[in-house]
Amino acid sequence: MTDDSGFCWIDFDNARGSTLLGHVDPGITEAVARAATGVAGSATGWSPYVDTVLERLHALCGGEAVGLFRSGTAALRAAALAVREATGRPLLLSCGYHGYDPMWYPSGTLLEPNADGVVDFYFDLGLLEELLGTPERVASVVVSPDHMHLSPDWYREVRRLCTRAGVVVVADEVKVGLRYGPGLSTAELLAPDVWAVAKGMANGHAVSAVGGPRALLRPLKEVSFTSFFEPTILAAADVTLRRVATGEPQQAVREAGERFLRHARKALADASLPVEIVGDGTFFQFVPASEELEEDFYRAADAEGLLFYEGDNQAVSAAFDDAVLTDAEQRFTRVCDRLSRHAGSGPVSEAARYRVAWNVMDGLREAERDREATEGWLARLLDD
């Protein structure tokens, strides 16, 4: 990207991971421009695009009922409240980030529900098991997946606990859905009953979706938004979902990201910089040993024109070709050169790993710990 001063950036933010295909993708641009002429219907009512997009979502993610929303935050709220109404149970057990919505803010007291009946277990399986001790009060467990700080076994254990308790699982895949492959990233691991997706669904255009059994989503039947019918948004979703279904963009992203990570890890090691990298080519995160190094790292990246999502997940797009990657590698080497004063200043501590994980997932990374340790980390991180 080139800013108004003429400075060129390489974008690892990509609208918080939304633009899976890259900015101004030709296929999407053409489809959106055509839809804007009115030939694909209007925002007032139904058009063939609605059927096509819903059918594509159903094929990718499943669910007897599929509904569209404007934002991932709205979609997840609607899905969670629909499940609560359908089950008649008061509590929602939550972990992860679910958008800028006060509904999900923790109560301030561990394992106590907030005013909206939400209890946060911060990705801690011990706390979840404790909360599921009264399953008759739990409408659902709502998980926002993270594949950088949690292993596949973590998700399998959540599924086991919820199945044993007879509790509905809701996967909030707004952030990660469809980037890892042609479908939900937790389809096999978590086997969610209800899902929500958004980023990667329309290459940054404002639309999201929920899906699941009719019995659980029936309360949404009367919900209607302009995003159901807006032809330009549906055109973007139609093109994106058609390409996502092939798995080719996700493979391109993963391969480009992995190539960059191989170079980045070597450059960091050659410069003796205490910065770890977690995740893989699809989504990854830098883990500097100190907050001072973290600040200097992102300042140096800015100076070299590497647009990172500061402190959070980095996401390349399918537009990262050989020329872009070569340029990015050279710039990253210069970033490491700028940080020479931090050489050998490590190591990366558990505190740094917990802090960085908290920044991206609003919860605790997977690690061995007892209840006392869990409470200690939560007191420290919540205070921050």
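Residue numbers start at 1 and run along the sequence shown. In this text, all values refer to a predicted model and were calculated from it rather than measured experimentally.
Aromatic rings of Trp154 and Phe123 (six-membered ring for Trp) have centroids within the 6.0 Å cut-off, being under it. With ring centers used as reference points, Phe260 lies 6.0 Å or more from Phe320.
Glu276 and Arg353 are joined by a salt bridge, as a carboxylate oxygen and a charged side-chain nitrogen come within less than 4.0 angstrom of each other. A salt bridge links Glu130 with Arg371: the closest approach of a Lys/Arg side-chain nitrogen to an acidic carboxylate oxygen falls below 4.0 angstrom.
For Arg179 and Thr282, the side-chain atoms include no donor-acceptor pair closer than 3.5 Å. Side chain to side chain, Asp101 and Thr73 fail the donor-acceptor criterion of an N or O pair below 3.5 Å. Using modelled atom types and a 3.5 Å distance limit, the side chains of Asn14 and Thr19 yield a donor-acceptor pair. No side-chain donor from either of Glu372 and Thr374 sits under 3.5 Å from a side-chain acceptor of the other. If you check the side chains of Ser5 and Asp3, you find a donor sitting under 3.5 Å from an acceptor.
Phe12 pairs with exactly one of Phe283, Phe308, Tyr309, Phe332 by the ring pair (Phe, Tyr, Trp, His ring centres under 6.0 Å) rule, that one being Phe308. Under the salt bridge (Lys or Arg N to Asp or Glu O under 4.0 Å) test applied with Glu304, the options Arg338, Arg299, Arg331 reduce to a single match, Arg338.
For His147, the ring-ring contact (aromatic ring centres under 6.0 Å, His included) test picks out Tyr155, Tyr180, with sequence neighbours left out. Residues satisfying the ring-ring contact (aromatic ring centres under 6.0 Å, His included) test with His149, not counting sequence neighbours, are none.
The closest side-chain heavy-atom distance from Asp312 to Asn359 is not below 4.5 Å.
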